[in-house]
Asker: 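The following block contains the structure, expressed as structure tokens.
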Amino acid sequence: MQGAVPGLRERKKAETREALRAAAIRLFLEQDPSTVTVNDICEAARVSRRTFFNYFESKEAALFAWDQRLTDELASKLAARPSHEPPLTALRRAMDDTMPSFAAQTGWHARKELFSASPELRTKTLHAVFRLEDRLVDVLTDRIGCPPGSLYPRLLAAAIGSVFRSAFITWNPETGIEGLQALIGQAFDHLATGLAVPTS
């Protein structure tokens, strides 16, 4: 069953989010990243500061591929997976189901160029990854029935963060989103085999 077609309000929100991303990426490429301000991004995208902070918590957050909206979607899809699925399988299927929303973004080549030119920005992605992991820990704890604070849900959540981060760093945008999905699949396969050394 296909998802419902987004309404006008949701489409406008997606357009605004992408306009802010595009403006941020362009400005960070054109200038010293430390000199770019939220006001600069708002002016380029023709939106208010209030609108900006409805979508992103900082100027750097506008650059990143994974945002709170995607975290919410992934957590929702994970919670909806059949209870009989092993946790790692459920995580993989939930990620697969979230990828279309991720793929709808644009500016992949520019974003990769930016991170190559400014390696210090990569550390900023860790904040987004940690937020993702924290959200998934809660869902996994409920799903598995572990006591709060258990190691296993935290380890699983960290694994999904590592899967995405490793695949994204390895990914060549020339291969398209399909190439990224293939790398994510390979990463899950490696986890499923206990990280055995590949034979080829």
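Positions are given from 1, in the same order as the sequence printed here.
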Asker: About how many Å separate CG of Leu155 and CD of Glu133, when rounded to the nearest 0.5 Å?
Answerer: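 If I round to the nearest 0.5 Å, the distance is 10.0 Å.
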
Asker: Between the side chain of Asp40 and the main-chain N/O of Thr37, is any donor-acceptor distance below 3.5 Å?
Answerer: yes

Asker: Could you measure the distance from the CG atom of Leu156 to the CD1 atom of Ile160? Nearest 0.5 Å is fine.
Answerer: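 Result: 9.0 Å between the selected atoms.
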
Asker: Between Pro153 and Leu140, which heavy-atom pair has the shortest distance, and what is it?
Answerer: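 Closest approach of Pro153 to Leu140, heavy atoms only: O-CD1, 3.7 Å.
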
Asker: Side-chain contact test, heavy atoms from C-beta onward, threshold under 4.5 Å: evaluate it for Phe53 versus Val38 and give yes or no.
Answerer: yes

Asker: To the closest 0.5 Å, what do you measure between CZ (Arg81) and CG (Leu91)?
Answerer: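 The CG atom of Leu91 is 10.5 Å from CZ of Arg81, to the nearest 0.5 Å.
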
Asker: Write down the atom of Asn39, the atom of Arg49, and the distance for their closest heavy-atom approach.
Answerer: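 Closest heavy-atom pair between Asn39 and Arg49: OD1-CD, 2.9 Å.
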
Asker: Do Ile169 and Leu63 share a hydrophobic cluster (ILVMFWY, side-chain heavy atoms under 4.5 Å, transitive)?
Answerer: no

Asker: Any chance you could measure Leu78, atom CG, to Arg143, atom CZ, to the nearest 0.5 Å?
Answerer: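 If I round to the nearest 0.5 Å, the distance is 6.0 Å.
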
Asker: Does any N or O in the side chain of Arg111 come within less than 3.5 Å of the main-chain N or O of Ile25, such that one atom is a donor and the other an acceptor?
Answerer: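 It does not hold such a pair.
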
Asker: Which heavy atom of Ala19 sits nearest to which heavy atom of Ala45, and what is that distance?
Answerer: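 Scanning both residues completely, I find the closest heavy atoms to be O-CB, 4.0 Å.
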
Asker: Rounded to the nearest 0.5 Å, what's the gap from OH on Tyr55 to OG1 on Thr16? Could you check?
Answerer: 4.0 Å

Asker: Indicate the atoms forming the closest heavy-atom contact of Cys42 with Ser48, along with that distance.
Answerer: SG-O, 3.6 Å

Asker: The criterion is side chain to side chain contact (heavy atoms under 4.5 Å, CB included); which residues satisfy it with Glu174, sequence neighbours excluded?
Answerer: His109, Asn172

Asker: Classify the ring geometry between Trp171 and Phe168 as parallel (under 30°), tilted (30 to 60°) or perpendicular (over 60°).
Answerer: tilted

Asker: May I ask you to check whether over 12 heavy atoms, not counting those of Glu43, lie within 6.0 Å of atom CD?
Answerer: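 Result for CD/Glu43: open.
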
Asker: Would Tyr152 and Leu195 show up in the same hydrophobic cluster when neighbours are defined by side-chain heavy atoms closer than 4.5 Å?
Answerer: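 Same hydrophobic cluster.
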
Asker: Hydrophobic cluster membership, with links at side-chain heavy-atom distances under 4.5 Å among I/L/V/M/F/W/Y: are Val137 and Leu132 in one?
Answerer: no

Asker: Taking distance alone, no hydrogens or angles, what donor-acceptor pairs closer than 3.5 Å link side-chain atoms of residues 177-192 to residues at least two apart or in another chain?
Answerer:
unit_1 : atom_1 : unit_2 : atom_2 : d
Asp189 : OD1    : Arg92  : NH1    : 2.7
Asp189 : OD1    : Arg92  : NH2    : 3.3

Asker: Taking C-beta and beyond as the side chain, do Lys13 and Arg69 meet within less than 4.5 Å on heavy atoms?
Answerer: no

Asker: Quick one: side chain to side chain contact (heavy atoms under 4.5 Å, CB included) partners of Asp72, sequence neighbours excluded?
Answerer: Gln68, Arg135

Asker: Out of curiosity, Phe52 CZ to Ile41 CD1, how far, rounded to the nearest 0.5 Å?
Answerer: 4.5 Å

Asker: Is any side-chain heavy atom of Arg21 closer than 4.5 Å to one of Arg17?
Answerer: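 Answer yes - side chains close enough.
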
Asker: Which heavy atom in Glu85 sits nearest to a heavy atom in Arg93, and how many Å separate them?
Answerer: OE2-CG, 4.1 Å

Asker: Does any N or O in the side chain of Arg26 come within less than 3.5 Å of the main-chain N or O of Ala44, such that one atom is a donor and the other an acceptor?
Answerer: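 Side chain of Arg26 to backbone of Ala44, a donor-acceptor pair under 3.5 Å: no, none is there.
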
Asker: Would you say that Phe102 contacts Glu73 through its side chain, given a criterion of any heavy-atom pair below 4.5 Å between the two side chains?
Answerer: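 Sidechains of Glu73 and Phe102: no contact.
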
Asker: Quick one: does any side-chain atom of Lys59 pair with a main-chain N or O of Val36 as donor and acceptor, under 3.5 Å?
Answerer: yes

Asker: Show, in sequence, the C-alpha distance, side-chain angles and deciding distance for Arg131 and Asp134, and conclude whether the salt bridge (charged side-chain N to carboxylate O under 4.0 Å, His left out) test is met.
Answerer: CA-CA 5 Å; Arg131 287 195 299 273; Asp134 287 342; over 6 Å; no

Asker: Taking a hydrophobic cluster as the set of Ile, Leu, Val, Met, Phe, Trp and Tyr residues connected by side-chain heavy atoms closer than 4.5 Å, whether directly or through intermediates, do Ile144 and Met95 fall within one such cluster?
Answerer: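 Yes, Ile144 connects to Met95 through the hydrophobic network.
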
Asker: Which atom names give the shortest non-hydrogen contact between Val129 and Gly161, and what distance separates them?
Answerer: CG1-CA, 4.0 Å

